[in-house]
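Proteins get letters first, then strands, A, B, ... in listed order; numbering begins at 1 in each.
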Number of protein chains: 2
Amino acid sequence: MRSHLNTQAPLVHEVLAAVLRVRSATVQVLLWQRALEPHVGRWSLPGGRLRMDEDVETSVRRQLAEKVDIRKLSHVEQLAVFSAPDRVPGPRVVATAFLGVVPTDVDPDVPEDTAWHSVDDLPRTAFDHRDIILRARDRLRAKLSYTTIGSALAPASFTISQLRDIYSAALGYRVSATNLQRVLSRRGVLEPTGEIAPPGRAGGRPAALYAFTCNGVHVTDAFAVLKPPSNKRRG
Amino acid sequence: MRSHLNTQAPLVHEVLAAVLRVRSATVQVLLWQRALEPHVGRWSLPGGRLRMDEDVETSVRRQLAEKVDIRKLSHVEQLAVFSAPDRVPGPRVVATAFLGVVPTDVDPDVPEDTAWHSVDDLPRTAFDHRDIILRARDRLRAKLSYTTIGSALAPASFTISQLRDIYSAALGYRVSATNLQRVLSRRGVLEPTGEIAPPGRAGGRPAALYAFTCNGVHVTDAFAVLKPPSNKRRG
DNA sequence: CACGTTTTCGATCCTAAGTCGAAAACCTGA
DNA sequence: TCAGGTTTTCGACTTAGGATCGAAAACGTG
């Protein structure tokens, strides 16, 4: 069955990364503006061609390190394959899309043609990249409920209020600090560092600093849900 | 950046399907035995090369329909990309793996060289196909908790006991019929057909027939978990 | 030092899953 | 026909964990 594998039209495999972070109470994605046709001026996801000696994850990490200055992503995972025959003009290109996450506290230098954009207010995007971005955001939202992917969004140490703001921005609805605190604590993924954050200049009780106990993102054993507030039960 | 895409070494993209079903209280996967080198005699997943005019999902459905007689899979979804440079000998082949599901009641004709194998007791498999199969099983298990993928495993109508056996086999641990009934009913995905199944020849109260209300597999809005019974809470 | 502000913590409510056991409905064989 | 075995079904109870609220704690400022 694999006897004449090389006898067909050429096919290119590229990797693309939707790198997300939370900033200014919104989810942002890293995009760069195309300088060449096709789709000049439109914004597109970083990535590029898969080399022959690397797998897709190695490739996406390399290209992110090369093209934009992001060496310490807090999380990377496969998202999906995008393979519509006409997804890009010209020769066939199949893409493996990734979800990347950067903590709120780091602010990596990015090249001139690169910038963060709010996912809720995207500029004109190239090819099918808009679909990929939205898919990445949905994945992030879903995983906040039953994994420790929140640890990839948050800085190394934080107050519960800060963490609440991060979760709220990522999920798109207000979550309670009390409940977030208890849910994560009960799961055993949150622990106090012992340190205290200085209060804001408006006063207020100084907040305790917390950190995630886990290294890396993993599924919570008995996972449960952080539900949107409102919609009550139905009969 | 995409100026000289065609100037590199050839790359082949294949699609592979781990088609699962529940039978004889086990999860089974459809495999075919290789007749050619490399890996002659080993068992491998159905699939094949991606054509230039189709996306990966179209491709995997076509190849399943061609190579093995499975035209009505109850569910198909992307699993992951497998792309280790040396995953197959010879020219580079990147694979998009799929999870497929067949209901317990249909028994499609399969070619001579093709057979169902228990996932818990696999024969010698080719390339990295064992990893793919196990990944597919894990995905199926996880999704039983928070999606309606059970509707893809089950026949069109069934008794709660039958459904319990299906869930038990797929999950690998005994689930309670009472609880399963209540959980699925509360989610609104289960409804009685009104019909009654004849009792077994050992007697017993005749069981009511049920059916899933949903067409297709989707995530339950407020999803929760079917947890393994035993392990009690920790202090 | 009264007042506004923010965090923190306990108490309570509620949904939904896990468990148990009895009743219902059927068969078979004496 | 009826006693005993079998399987399903249903209700009641327990338990886990998320949602909500309000009071207390701990800080600034005027």
Tell me the interatomic distance from [X], atom [atom1], to [N], atom [atom2], rounded to whole angstroms.
| X | N | atom1 | atom2 | answer |
| --- | --- | --- | --- | --- |
| Leu190(B) | dT9(D) | CG | C1' | 14 Å |
| Asn179(A) | dG22(D) | CG | C1' | 16 Å |
| Arg164(A) | dT20(D) | CZ | C1' | 14 Å |
| Ile196(A) | dA25(D) | CD1 | P | 16 Å |
| Leu184(B) | dA16(C) | CG | P | 14 Å |
| Leu180(B) | dA17(C) | CG | P | 11 Å |

inquiry  = The side chain of Ser161(A) is closest to which nucleotide in this list: dG18(D), dT7(C), dT8(D)?
reply    = dT7(C)
request  = Measure from the side chain of Thr178(B), starting at C-beta and using heavy atoms only, and say which of dC10(D), dG18(C), dC9(C) lies closest.
outcome  = dC10(D)
inquiry  = Check the phosphate of dC9(C) against Gln181(A), side-chain N and O only, distance under 4.0 Å to OP1 or OP2. Yes or no?
reply    = yes
query = Between Arg186(B) and dA17(C), does any side-chain N or O lie under 4.0 Å from OP1 or OP2?
reply = yes
key: Set of side chain to side chain donor-acceptor pair (under 3.5 Å) partners for Arg62(A), sequence neighbours left out   = Glu54(A), Glu66(A)
query = Pairs in or reaching into residues 96-105 of chain B: which pass side chain to side chain donor-acceptor pair (under 3.5 Å), with residues at least two apart or in two chains?
reply = His13(B)-Thr96(B)
ask   = Could you give all pairs that pass the side chain to side chain donor-acceptor pair (under 3.5 Å) test and reach residues 118-128 of chain A, with sequence neighbours left out?
value = Arg87(A)-Asp128(A), Asp120(A)-Arg137(A)
key: Residues that Ser161(B) engages under side-chain contact (heavy atoms from CB on, under 4.5 Å), provided they are two or more places apart   = Thr159(B), Arg164(B)
query = Which is true for Thr159(B) with a 4.0 Å heavy-atom rule: it touches a base, it touches only sugar-phosphate, or it touches nothing?
reply = nothing
query = Checking all strands, does Ser176(A) fall into the base, sugar-phosphate, or nothing category for heavy-atom contacts under 4.0 angstrom?
reply = base
request  = Classify the side chain of Arg182(B) versus the base of dA17(C) as yes if they form a donor-acceptor pair under 3.5 Å and no if they do not.
outcome  = yes
task = Give a yes or no on whether a salt bridge exists between Lys143(A) and Asp138(A), defined as a side-chain N under 4.0 angstrom from a carboxylate O.
result = no
message = Below 30° counts as parallel, above 60° as perpendicular, anything between as tilted: where do the rings of His117(A) and Trp43(A) land?
response = perpendicular
request  = Strictly below 4.0 Å, heavy-atom distances to any atom of DNA chain C: list the hits from residues 204-214 of chain B, or just say none.
outcome  = Gly204(B), Arg205(B), Pro206(B)
remark   = Phe98(B) meets the ring pair (Phe, Tyr, Trp, His ring centres under 6.0 Å) criterion, sequence neighbours left out, with none
ask   = Starting at the 5' end of DNA chain C and moving along, which residue's nearest nucleotide shows up first, Ile160(A) or Ala202(A)?
value = Ala202(A)
